Amino acid sequence: MRYISTRGKSPVCNFEQVLLTGLAPDGGLYVPETLPVFSQEEIASWGGLSYPKLAFKIIQPFIDGEIPDDVLERIIDESYEGFTHPAVAPLRMLDSNEWVLELYCGPTLAFKDFALQLLGRLLDYVLMRDNKKVAVLGATSGDTGSAALEGCRHCPNIDLFILHPYQRVSEVQRRQMTTIPGDNVHNIALRGNFDDCQRIVKAAFGNQQFLPENRQLVAVNSINWARIMAQIVYYFSASLQLGGPQRPVSFSVPTGNFGDIYAGYLARQMGLPIDQLVIATNRNDILHRLISDNEYSLGELEHTLSPSMDIMVSSNFERYLFDLFDRDADKVAQFVTGLGKSPQKLDEGQWTRARELFSSLSVDDQTTCDVIADIYRTTGFLIDPHTAIGVKAARECRRQRSVPMITLATAHPVKFADAVEKAGLDSPALPPHLADLLEREERYAVLDNDIVAVTEFMQQHLC
Ligand SMILES: *Cc1c(COP(=O)(O)O)cnc(C)c1O
């Protein structure tokens, strides 16, 4: 499998090369040159497979022999072993034909475990085999950090540096990162917001001179292709549980960086019958404004009760634009870089095409709390604020009652106690493996919002 950049000016890569990097050198994101497409018969034949066996079928073509199949199978099995539900990604019914896909049964209680448990093991295998060392550098608004640390902490060839905005993540989220032991684990609380963290990470990737020779940075946010790849699987899994592929299904996806929903788009391109994909956003609504009004323009970053979606510009949207613009890389670059100067618009034809598949809704904090309270009252099921936004958008945007509508439940409500309490409910107890989280010892450095402070810290702490 060959991977190309959405900006068209980087050399073609193989899987290992895209795994071990971040953005392409031209500033674009890597995508497969061609997607595997599965027939309806083949998808139907996967109906009885366990989650890891299904994952192998879907992931194998993207790796295409670069990792031997038996090794890949073992890596995938191990990635999902620690999930607390036997189905790995169980479905729960809310109402007739209305479903929630619970993606928080992994070690850090958010869907990011699906990708990062696998990514950590893939990196470990490739680095061992090639006798290479790397530094993982990532910014987190909360959930990516702990999932990345959990996924990579056992890899002796990786030093991990995770930046979070100082005092801007919830206590549970912070402690999930800062209580992880290990000499290779380094948490940095940056005096700034999430965008500042991202800016510094981007700058460090752009100039890696500060690293010792033969060391490179690896990205763990969803610009890393391997993360997207892992997330395609649960769209197939959910569909197969609800009568797919014979029967189409729709998904509503709480969206920040557009990684999760882009994986749903890819599942559809690969042959899975998906009727609708709903982009569910909080007040950071650039994608909603594009889908509803054909206006793609920067707004002010707002802090909401769903902090994992407090993102101004969704980086993975570029991967979708690449297809929407019929893979015209120059057009992609123009549209994406133009955003910094002035609002952008799609052509009528492109906008219509986007709206045939995607619908969207922006949900404010008050409505988010109302939905949490309402779902609890009517079903006894407690959802987190990101999931609540998904459920609201699913209900508002749904076109066909006869098509099952599945909202992705992206995090466990215990991670977002303030939203649950604002909804007038008691925050739930921590699950057994995290029961003593509030007593564990924390370790993190507080650094100024300054690239040099961060790179010097990294130099001092590389193993
Ligand atoms: C990361 C995250 C999201 C957003 O996912 P994207 O892939 O960035 O769109 C939504 N909900 C939760 C709980 C998250 O952690």
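As the structure lists them, so they are numbered: ligands from 1, and atoms in each ligand from 1. Keep in mind that what you see is a predicted model, and the values were worked out from it rather than measured.
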*asked:* Whether Arg175 and Glu442 form a salt bridge (side-chain N of Lys/Arg under 4.0 Å from carboxylate O of Asp/Glu) is what I want to check.
replied: yes
*With Trp351 via ring-ring contact (aromatic ring centres under 6.0 Å, His included) - residues at least two apart*: none
*Sequence neighbours left out, what passes ring-ring contact (aromatic ring centres under 6.0 Å, His included) with Trp99? Give chain and number order.*
none
_side-chain hydrogen bond (donor to acceptor under 3.5 Å, both in side chains) pairs, two or more places apart, involving residues 13-25_ = Glu16-Arg129
*Near ligand 1, which protein residues have a heavy atom under 4.0 Å away?*
Phe111, Lys112, Asp143, Pro254, Thr255, Gly256, Asn257, Phe258, Gly259, Asp260, Ser308, Met309, His386, Thr410, Ala411
*Test the Arg319-Phe258 pair against the cation-pi criterion, namely NZ or CZ under 6.0 angstrom from the six-membered ring centroid and within 45° of the ring axis.*
no
*For Tyr166, is the NZ or CZ atom of Arg191 found under 6.0 angstrom from the centre of its six-membered ring and inside 45 degrees of the ring axis?*
yes
